[in-house]
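Note on naming: letters A, B, ... go to the chains in the order of the sequence lines (proteins, then strands), and numbering restarts at 1 for each one. Model, not experiment: these values are computed from the prediction.
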Amino acid sequence: MTTNDETNIPTDKLANPNALSDRYNPTDVEERTYQWWEKSGYFKAQDKSTKPPFSIILPPPNVTGFLHLGHALDHTIQDLLIRWKRMSGFNAMWLPGTDHAGIATQTVVEKELKKQDITRHQLGREKFVEKVWDWKHQYGDRIYKQMRGLGDSCDWDRATFTLDDGVSKAVRKTFVSLYKKNTIYKGQKLVNWSGPLESAISDLEVEHQQTKSFMYHINYPVDGTDQLLTIATTRPETLLGDTAVCVHPDDVRYQNLIGKTVTVPLINRKIKIIADTYVDQAFGSGVVKITPAHDFNDYKIGKTHKLEFINILTKKCELNENAGTYQGLKIPEARKRILEDLKKLGLFVKEEPHMNSIGYCSRTNAVVEPMLSDQWFMKMDQLAIPAKRVVESGTIRFEPESWSKVYLHWMNIIEDWCISRQLWWGHRIPAWYCADCEKHTVAEIDPTACEHCGSSKISQEDDVLDTWFSSALWPFSTMGWPNESEHSIETQKTFYPTSYLVTGHDIIFFWVARMVLLSLEFKKDVPFRTVYIHGLVRDSKGIKMSKSLGNSIDPFDMINKYGADALRFSFLAHLFSGKDFKFSEQRLEGYRNFMNKVWNGSRFALSNLQDFKAPPEGTKALPEKVHTSVFDQWIIAKLYDVEKQVNNALEKEKFSDAATMLYQFIWNQFCDWYIEFTKPILTGSDANEKKATQLVMAQMLNRIVRLLHPFCPFITEEIYSKLPIKNEACIIDQYPTIENDKSFLALGNKQAEHEIDVVKEVITAIRNIRGENRISPAIKLSVRLGIDQDNVQKILSGNKTALMTLGRLEKCDIGLDGDLMKCAVSTIVVSGDKVKIIIPLEGLVDFNEEIKRIQKTIEKLEKDVSVLNAKLSNEKFVANADEDVIANDRILMAQSKDQIISMQESLTRFQ
RNA sequence: CGUCCUUUAGCGCAGUUGGUAGCGCAUUCCCAUGACAUGGGAGGGGUCAUAGGUUCGAGUCCUAUAAGGACGACCA
C-alpha cells in the first residue's frame with residue numbers, strides 16, 4: 001500500500017472524500033479551511049445591520065515582531081468570543097492591526113545598519129525613515145500570516161497600521177486639541193533618560209530593580225572653618241553637579257552650619273548649606289548633597305530653594321563640559337576616577353555595601369539617568385477624573401475585578417506623561433518652531449508661516465510621539481475617526497464602544513488606562529465595556545519565558561506538532577481568571593488527544609450514517625416521526641444541560657468551565673457511553689430502531705461540532721463539511737442554545753436519564769468486580785441481578801442487551817437473589833432504586849482477592865456510617881440543620897447500614 | 001514600606017448562598033474488543049499553608065501569622 005507522504009493517509013482512503021483517516025491530521029486541514037473561510041467572506045462584519053453589534057479591537061502587535069505564546073493566548077480568547085457571538089446572531093467585528101512600535105522597531109533597524117557599519121545619523125532622518133518603511137514592508141505581513149495560522153477570524157478589510165494616514169490624522173487632531181486646552185505643553189523638566197536611545201522615556205518604561213551598590217561617605221570642607229561635613233551618597237560622580245548640601249532644620253548637630261557654605265571637592269565650587277525637612281536625620285550622616293539636575297528628589301528641593309541646576313551629562317549619558325577634567329568619561333569610569341581622586345585628597349571617609357533600587361531602561365537595559373531637558377508633556381490630573389469615575393461606577397468592568405483597584409490606584413497617583421521621544425520612527429510632533437519669535441505653531445495641517453509673527457522661518461519639531469500616544473486613540477482611530485465620511489460615521493455608530501478589550505495585565509497602565517483617558521476626552525464615551533485581563537504565559541515551572549533563558553516556545557512549533565485547535569483548546573481549558581498561564585507541552589498533547597477523540601467519534605458515527613438521508617426539516621425534530629430509544633432520550637437530556645451550561649459559562653467569561661464541560665460531555669458521555677450503547681442497534685437487524693438512532697446520531701454530531709467550533713474551529717469545520725445534516729458552514733451556523741434548539745432537546749427525557757444512570761451503575765459494578773478480581777475481559781461472565789422493585793426489574797429487562805454487551809456477559813438473569821455461595825456481590829443504589837449484582841466466582845478466581853474487595857467496601861461504608869452517625873446523634877445538628885439535609889443523611893445512613901449487612905453476609909460465603 | 005493576588009492529591013488547577021472534597025495530566029493493575037493504544041476498563045492517592053474565632057457544622061465567613069508572586073512608593 002502506498003501512502004501520501006505529507007498526511008500518512010493511505011492513498012486508497014484519500015480516493016474516497018468521505019472517508020476520514022484514523023488520526024486527525026491538522027496540517028492537512030488548517031490552511032485549506034482558513035482560506036475557504038476568508039474567501040467566502042465569513043469574517044466580515046457589516047457597518048449597517050439589523051443584528052446586534054459585538055466588537056473587539058485587537059491589541060496591535062509590533063509590526064516587525066513575531067507572535068509569541070502570549071499573543072496566541074490573547075488571540076484565542078478574542079477569537080473564541082468573536083466566533084461564539086458570530087454564531088449567536090451578532091454582527092461580530094474583530095478589527096486587526098499592527099503597531100509601529102517606535103523604539104523597538106527603530107532599534108532593530110539600527111542594529112541591521114550597524115552590521116554594515118552605518119549609523120542612522122550618517123544616513124540622515126529621511127533616508128533612515130525610508131529604511132524603516134522598507135523593513136516594515138518586508139516583515140509587516142508576517143504577523144498577519146501567523147494570525148491566520150492561529151485561526152483568528154478577523155475582518156481583514158479593516159486592518160489598520162498605527163502610521164496609516166487615518167490614524168495620523170487622529171493623532172494630529174488630538175494633539176492640537178489638547179495643546180489648545182493647555183493639556184499638552186512643552187516644558188523643561190527632569191525626565192527619565194536612556195543613554196543608548198538618546199531619548200527621554202516615560203515613567204512606565206523604567207524598570208526598577210534592587211541592585212547591590214555602595215554608600216560612600218565623603219567629606220566636604222566647611223568654608224571659613226577647618227570643619228568637615230560628611231555626606232553620604234551612592235552616586236559620588238554627581239557631586240560635580242551639586243549646588244547645595246541639605247540638613248534637617250531640627251538637627252542639633254548642624255544647627256550652627258545652616259546658611260554657611262561648603263566647598264565641593266575636585267571642582268571647588270562653593271555651595272550653600274540649606275535646611276529642609278525632606279532630610280531624614282537618622283539616615284547616613286544626616287547630610288544630603290543636592291544635585292537638582294540629576295535626581296528627582298533633589299530636583300524638587302532645587303525648585304523650592306531656587307538652586308542652580310547644573311547638567312553634567314551629554315545625551316549619551318557621558319560627562320559633559322561641566323565636568324571639567326572628567327569630561328567625556330562614562331559614568332562608571334567617572335565614579336572610579338572621582339573616588340580615587342577623593343582618596344588622594346583625603347576627603348574619602350568610607351564605603352559601605354548598600355542595596356538600592358536602580359531604574360533600568362525597559363528597552364536597552366541601560367541605567368536610566370534623571371536628566372533635565374525640554375520635552376512635551378500631557379497633563380493628567382484633569383483627564384483622570386472621568387477616567388476614574390467610569391470604573392468606579394462600573395461603566396467599565398474589569399475581569400477579574402481586582403484589577404480595577406490597580407487601575408484606580410494608578411489614576412490617583414498619576415503624573416504628567418512625557419510624550420516626546422527623541423527618535424525618528426513614529427508620529428512627528430505637529431509643532432513648528434519659529435526662529436524669529438521663538439514661539440511654536442501647533443497645527444493639524446503643515447503650516448507655511450508662524451501663526452504668531454508670520455515669519456516663514458519655521459521648522460518642525462524633531463521629536464516624535466511616544467508609541468502609546470497613537471495606541472491610546474486606537475479604539476476610535478481604527479474606526480475612521482475623525483473622518484466624517486458616511487462609512488466612518490456608520491462604523492463608529494455601530495461598533496463604538498467596543499464590547500471587550502482582551503489583554504494582559506502588563507499593559508494596563510501603558511495602554512488600557514490611556515485609552516480610557518483619551519476616549520472619554522474625544523468620544524465622550526468609554527472605549528469598551530469589559531476589560532478581560534488574562535495572565536502572562538510562563539513555562540511549566542512558572543518562570544517567565546525569554547530567549548536568553550532558553551525556555552521560550554514558539555507557538556508555531558506547537559501548531560506544527562499538535563495543531564492550532566489543540567493549542568487553542570489547551571489555553572481555553574486552563575485559563576483561570578487572570579492567573580498566569582503555565583504552559584506545558586504535555587498538557588497540549590492531552591488536548592491533541594482530545595481532538596483525535598473528537599475526530600474518531602465522528603469517524604465512527606459517519607461510517608454508520610452512510611445510508612442515512614438528512615430529513616427535510618434539517619436540525620428541527622418532529623417528535624411524532626421519531627421513535628427514539630432510551631439511549632437517545634438520555635443523551636439528549638445530557639445535551640440540554642451542556643447547551644445551557646456552556647452558554648452560561650461563556651456569558652460569564654468562565655471559558656475553562658465551558659471547555660471542560662464540552663470535553664467531558666463528548667469524551668465521557670457521548671463516546672464512552674452513547675456510542676457504545678448504540679453499537680448493537682446500528683449493527684442490529686431492527687431497521688426502524690436503526691433509523692431513529694441514525695437520526696439522533698447525526699443530530700448529535702451536528703450539535704457537538706457547532707458547540708465546539710469557537711474553541712477549535714478547524715477540526716469542527718472539517719467534520720461539519722462531512723455531516724449529513726448541515727448548512728452552509730459551521731462558522732456561520734447557529735450556536736446551539738436551549739432556546740434555538742428547543743424542538744430537538746424536547747426529545748430528551750428525565751426518566752430516561754435515571755434509567756441509564758441505573759444501567760451505567762450496574763455495568764460499572766460488574767466491571768469493578770472483574771477488574772478487582774483480575775478476570776480477563778476475554779472471559780464472559782454469568783451474572784444475576786437481584787431486585788425487589790418492579791420498576792427496576794423493568795428498567796434492567798429493557799436494557800439487557802446493553803448490560804450483556806458492555807458488561808461482557810454470557811448470561812444475565814434478572815430477578816431473585818438466589819444462591820449466593822461463592823459469589824461476588826455488589827449493591828448499587830441510584831436515587832432509591834436498588835440492584836444487587838451477583839457473580840458466581842467458582843473456578844474463576846482466587847477468593848482472597850474477592851474477600852479483600854469486599855472488606856475494602858465494608859470499611860468505606862463503615863466510615864460513612866460513623867460520620868453520619870456523629871452528625872445525626874448530635875442534638876444541635878438535628879435542631880438547627882435544614883430538614884432536607886437531615887432527611888438526606890438519614891436515608892444515606894439506612895442505605896449504608898443495609899449494604900454493610902449484605903456485604904458481611906457475602907463474606908461468610910467464602911469461608 | 002504599601003496595595004493586591006496566591007497557598008486544596010506528585011504536577012497544573014476547579015470548588016458563587018457554609019452541609020460527608022472534584023477535574024485533567026501523571027501513577028498502579030488488566031486489556032489487541034472493527035471508531036480511536038493520541039485508545040478501553042478498574043483502582044490508589046488530600047488532617048484543603050499555620051494558629052485562633054463565629055457556627056450544630058468551615059476548603060468556603062472573620063482575625064492573626066508564615067511562604068510565594070505581582071504592582072506601586074522610598075532609598076542621600
Side-chain angles (χ1 to χ4, degrees), chain A residues 20 22-24 208 210 215-216 231-235 238 245-246 278-280 283-291 295 297-298 354-358 400 402-403 405-406 409-410 413 505-506 508-509 535-536 540-542 562 566 573-574 576 578-584 586-587 589-608 652 654 656-657 660 663-664 671-672 675-676 679 683 763-764 767-778 806 808 853 856 863-864 866-868 870-871 874-882 884-886 888-889 892:
Chain A
L20 303 180
D22 66 353
R23 294 225 172 151
Y24 171 58
H208 291 271
Q210 285 294 320
M215 180 71 78
Y216 304 96
I231 60 94
T233 179
T234 52
R235 304 205 50 191
T238 61
V245 294
C246 188
Y278 152 71
V279 178
D280 177 357
F283 193 93
S285 59
V287 188
V288 186
K289 66 192 240 353
I290 304 295
T291 322
D295 182 281
N297 290 303
D298 294 6
H354 180 74
M355 285 298 284
N356 68 339
S357 108
I358 293 179
S402 56
W403 289 109
K405 280 183 195 155
V406 177
H409 178 252
W410 187 71
I413 57 161
H505 54 69
D506 50 338
I508 291 179
F509 305 141
L536 310 177
S540 58
K541 290 172 200 133
Y562 301 101
H574 280 266
F576 300 109
K579 274 187 192 166
D580 283 351
F581 185 94
K582 288 183 186 145
F583 185 86
S584 130
Q586 200 180 34
R587 203 153 54 211
E589 207 181 305
Y591 291 106
R592 187 269 319 261
N593 295 352
F594 175 58
M595 294 308 143
N596 197 238
K597 190 74 183 176
V598 171
W599 184 255
N600 273 297
S602 309
R603 194 160 72 96
F604 170 80
L606 289 172
S607 71
N608 282 289
K652 289 183 187 147
K654 302 238 173 202
S656 62
D657 285 2
T660 308
Y663 180 100
Q664 289 180 350
C671 291
D672 286 353
I675 284 183
E676 296 303 329
K679 272 179 185 170
T683 55
I763 291 167
T764 302
R767 286 169 170 174
N768 174 289
I769 292 167
R770 186 193 287 274
E772 297 285 279
N773 285 295
R774 300 206 188 88
I775 302 170
S776 160
L806 302 191
R808 302 191 64 74
R853 188 187 72 84
K856 202 176 74 188
K863 214 175 115 194
D864 288 355
S866 78
V867 170
L868 288 165
K871 272 172 89 176
N874 181 341
E875 282 172 30
K876 287 180 176 171
F877 171 72
V878 181
N880 292 313
D882 282 352
D884 43 336
V885 173
I886 299 169
N888 208 14
D889 284 356
L892 265 176

Between [options], which nucleotide has the shortest distance from any of its atoms to the side chain of [X]?
X: A/Thr764; options: B/C4, B/G72, B/A42; result: B/A42
X: A/Val406; options: B/C36, B/C71, B/U16; result: B/C71
X: A/His409; options: B/G72, B/A35, B/A42; result: B/G72
X: A/Glu772; options: B/A42, B/G44, B/A35; result: B/A42
X: A/Phe509; options: B/A35, B/C71, B/U16; result: B/C71

Taking OP1 and OP2 of B/A35, is either one under 4.0 Å from a side-chain nitrogen or oxygen of A/Lys679? yes

Think A/Lys582 has a side-chain N or O under 4.0 angstrom from the OP1 or OP2 of B/G69? no

Only pairs with both distances under 3.5 Å count, Watson-Crick or wobble alike; so what is the partner of B/A51 in this structure? B/U63

Expressed in angstrom and rounded to an integer, what is the separation of [X] atom [atom1] from [N] atom [atom2]?
X: A/Asn593; N: B/G39; atom1: CG; atom2: C1'; answer: 9 Å
X: A/Glu676; N: B/G41; atom1: CD; atom2: P; answer: 8 Å
X: A/Lys876; N: B/U55; atom1: NZ; atom2: P; answer: 9 Å
X: A/Trp410; N: B/C4; atom1: CH2; atom2: P; answer: 20 Å
X: A/Asp580; N: B/C5; atom1: CG; atom2: P; answer: 15 Å
X: A/Lys405; N: B/A70; atom1: NZ; atom2: C1'; answer: 15 Å
X: A/Arg853; N: B/A42; atom1: CZ; atom2: C1'; answer: 11 Å

Ignoring hydrogens and angles, does a donor from either the side chain of A/Lys597 or the base of B/C36 sit under 3.5 Å from an acceptor on the other? yes

Any chance the side chains of A/Lys582 and A/Ser584 put a donor and an acceptor closer than 3.5 Å? no

Student check: side-chain heavy atoms of A/Val885 and A/Phe877 closer than 4.5 Å: yes

Under a 4.5 Å cut-off applied to non-hydrogen side-chain atoms, are A/Tyr591 and A/Arg587 in contact? yes

Taking the six-membered ring of A/Phe604, is the NZ or CZ of A/Lys679 close enough (under 6.0 Å from the centre) and on axis enough (within 45°)? yes

Let me spell it out: for each of A/Ile358 and A/Asn874, pick the nucleotide of RNA chain B with the closest heavy atom. Which residue's pick is nearer the 5' end? A/Asn874

Using a 4.0 Å heavy-atom cut-off to protein, can you give one letter per nucleotide of nucleotides 19-32 of chain B, 5' to 3': B if the base is in contact, S if only the sugar-phosphate is, - if neither? BB--SSSS--S---

